[in-house]
2 protein chains.
Amino acid sequence: MVATIKDVAVKAGVSLGTVSKVINGDPSVSDKRRERVMATIAALGYSPNSIAQNLRTANSKTISVLLANITNPFQMALAKGIEEVAVAHSYNLTISATNEQSAKELESLAMFERNRSEGIIICSTGKTKEKICSLIEKNIPVVMVDRFVPGIPCDYVGDDFSHAIDIALQHLQALGHNRIGIIHGDMNTYHGEYRHGLVLSQMRKLGLSQDKDLHKTGPYTYEQGEQAFRELLAMSVPPTAILAVNNVLCAGAIHAANQSGVTIPDDVSLILINENNFMWDIVSPGITMVTQSPLTIGRRAANIIFERLRNKEKTAFTATLLAPTLVTRESTRSL
Amino acid sequence: MVATIKDVAVKAGVSLGTVSKVINGDPSVSDKRRERVMATIAALGYSPNSIAQNLRTANSKTISVLLANITNPFQMALAKGIEEVAVAHSYNLTISATNEQSAKELESLAMFERNRSEGIIICSTGKTKEKICSLIEKNIPVVMVDRFVPGIPCDYVGDDFSHAIDIALQHLQALGHNRIGIIHGDMNTYHGEYRHGLVLSQMRKLGLSQDKDLHKTGPYTYEQGEQAFRELLAMSVPPTAILAVNNVLCAGAIHAANQSGVTIPDDVSLILINENNFMWDIVSPGITMVTQSPLTIGRRAANIIFERLRNKEKTAFTATLLAPTLVTRESTRSL
DNA sequence: TTGTACGCGTTATCAC
DNA sequence: GTGATAACGCGTACAA
């Protein structure tokens, strides 16, 4: 059906090896023969079968990415950063999503392994530790991004979430807020719990209200953001400020505010930890945020993969934490 | 280094073929042997090399997607729809982006071909027709999405953009608007020109102002949206309403309005053609829009691929146009 | 039911 | 500079 290297060799009247050399730019081919081969390649519309190439050379020219949710802008920015670097190295990029389900994560990881992906970048649910570790033991470079999971011997790149929380809470405290409602993420993932714990300890440290009802947890959905906001505002003593840890949750909260006639920041201040992309430029009131850098995370993660591919020596694993920045807009004001 | 089927066979004391049969669920293996093989597979942490499998079975279990811009929410929704279907079929998904550069599109398509991708879904710049046609001639199922390109014999799935324009313009006309500014897309892509033409003819048909200066074209960027908006408002006789054909362009326009103290819809009405996702719920004023359905487009496109993979008979190519809907919000009002 | 042998399309190592 | 030939890891007739 489709032309093979053999077809080219026969038609060009040369040997298989010669064609292979031409394809791979080996200089030890006479110009005459090279031209002839190139011409018949074009004539036949021959395209090297990289499956066979990969089998023979024992590599796949593929790196794989496991995202949490393909439609979240934050996650896609991650992917974009990775894609840039992969393309620059002429590598394929395979993308999957967990949708926060560890079963899907396991499946995807198994797929990556069967594919002989040369590197894997994971935004994990945190519940597939053994599988990830087994991949690492097989010397596949793994980089965890965004969500830290303890006990996995690999590189990590993410935002300094602890610092981000600190910035956010201190900003609110400086404005006089003490009762701060938190719209947390999913407690079914490790990093959800982890960040929850970080927030609690920071709040304690800063002497902010310890009221447990100020903490709402749930999946990373728009609806959850709405519900959490409503519940917070319905408290007998509602918070005077709210921190949302994720873009979608925050969007839900804003929508709930608009729907229920709650004015931000007059009735309650709102601050968000997320990437500061174009969409936050056009919501009004402008949302004060502590910025994350998913694009940079993606780039760094991919670069680490390629660096480990280039230099096989096992160097110490790195943990890269990107510094967050405060962007002050109209959604936070002093009490 | 990593275990092969041979290692498993040796260690389990059976033949190569037996292991292969176990892996592929062939029933003609005695339970005793099967158990033994499974056990050593687990013990060795053996994972079938799908590169070798693919070479042998002459398929790649991969479909590839070429997006315009990985970070645009519209495009991500497309990818999401495709990913859902691919995962359901246990296929890999390879994603690339053109960033509107035909050179990059060519590279990616060549990569897909070398990978022996079993199906390709393309949101094309429109300038790689020959390459796409050559892939089709090699019997690779190709589905064009979102952006129609004429003269390519393949399936197409997209929104009914002509209808969408009609709905948008008629909505504005019904509100009494005659001078309507248009923030068009990129004239360097075929579909940019195509949609431009559609708008012009619809405006003529409806008897709207034919002033050429009402049409601003440029790349699909936030900055372009800002600039186009400013230019429109700076006209000696500015438009009373503006139509933006893309989310990012529209976001730029909104930002420019906020920056320059132009009030929507008091000073100018604004309508957008795009996916109605969560972000448009939280910008204020709410933007009236004609909705597109990228998620559905992605799903349909992927389903077409798998249907053509299942049924090799060449049936007629299909063109699926999804119906747009008007969602009225606050950004449009009568003159 | 089980094992053997061949070939998928390519690269790499040889002799020539 | 060139052309056989042996792998790469696996699936699958075919024979046993």
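What you see is a predicted model; the values in this text were computed from it and never measured. Naming: A, B, ... by sequence-line order, numbering from 1 per chain.
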Quick check against the 3.5 Å criterion: does A:E118 have a side-chain atom that pairs as donor or acceptor with the backbone of A:K61?
yes
Ignoring hydrogens and angles, tell me if any N or O in the side chain of A:E100 forms a donor-acceptor pair with the backbone of A:T125 under 3.5 Å.
no
When you measure from the side-chain N and O atoms of B:Q53 to the phosphate of D:dG9, is any distance below 4.0 Å, counting only OP1 and OP2?
no
Would you indicate what B:S30 reaches in the nucleic acid, counting non-hydrogen atoms under 4.0 angstrom: base, sugar-phosphate, or nothing?
sugar-phosphate
For A:T57, answer base if it contacts any base atom (sugar-phosphate contacts may also be present), sugar-phosphate if it contacts only those atoms, and nothing otherwise; contact means non-hydrogen atoms under 4.0 Å.
sugar-phosphate
Whole-Å distance, B:L55 CG to C:dT10 P, equals 9 Å
Please determine whether a side-chain nitrogen or oxygen atom of B:N49 lies at a distance below 4.0 Å from atom OP1 or OP2 of D:dC8.
no
Over how many whole Å does the gap from B:L16 atom CG to C:dC8 atom P extend?
18 Å
Donor on one side chain, acceptor on other, B:T315 and B:R308, under 3.5 Å:
yes
Of the listed C:dG9, D:dT12, C:dG3, the closest approach to the B:T18 side chain comes from C:dG3
Using whole Å, what does the distance between atom C1' of nucleotide D:dT12 and atom CD1 of B:I23 come to?
13 Å
So what does A:T4 hit on the nucleic acid, given a heavy-atom distance under 4.0 Å: a base, only sugar-phosphate, or nothing?
sugar-phosphate
Nearest-Å distance for atom pair CG/P, residues A:N24 and C:dA12
7 Å
Taking B:S117 for the side chain and B:E113 for the main chain, is one N or O donor matched with an acceptor at less than 3.5 Å?
no
Using a heavy-atom cut-off of 4.0 Å across all strands, would you classify B:N54 as base, sugar-phosphate, or nothing?
nothing
Please pick, from C:dT11, D:dC10, C:dG3, the nucleotide with the shortest atom-to-atom distance to any side-chain atom of B:Y46.
D:dC10
Take the protein atom NZ of A:K6 and the nucleotide atom P of D:dA4, then report the distance between them rounded to whole Å.
12 Å
Ring centroids only, cut at 6.0 angstrom: are A:F306 and A:Y91 within range, meaning strictly under it?
yes
Compute the ring centroids of B:Y156 and B:H191, then answer whether they are less than 6.0 Å apart.
no
Value in whole Å for how far the P atom of C:dT1 lies from CG of B:D26:
10 Å
When you measure from the side chain of A:T18 to the backbone N and O of A:V14, does any donor-acceptor pair fall under 3.5 Å?
no
State whether B:S15 places a side-chain N or O below 4.0 Å from either non-bridging phosphate oxygen (OP1 or OP2) of C:dT2.
no
Please check the phosphate of C:dG3 (OP1 and OP2 only) for any side-chain N or O of B:R33 closer than 4.0 Å.
yes
Donor-acceptor pair, distance only, cut-off 3.5 Å: does the side chain of A:K138 make one with the backbone of B:G45?
yes
For B:R56 and D:dA13, what is the distance between atoms CZ and C1' respectively, to the nearest whole Å?
9 Å
Tell me the interatomic distance from B:N59, atom CG, to D:dG11, atom P, rounded to whole angstroms.
11 Å
Would you tabulate the pairs of protein nitrogen or oxygen atoms and nucleotide nitrogen or oxygen atoms of nucleotides 14-16 of chain D closer than 3.5 angstrom?
none

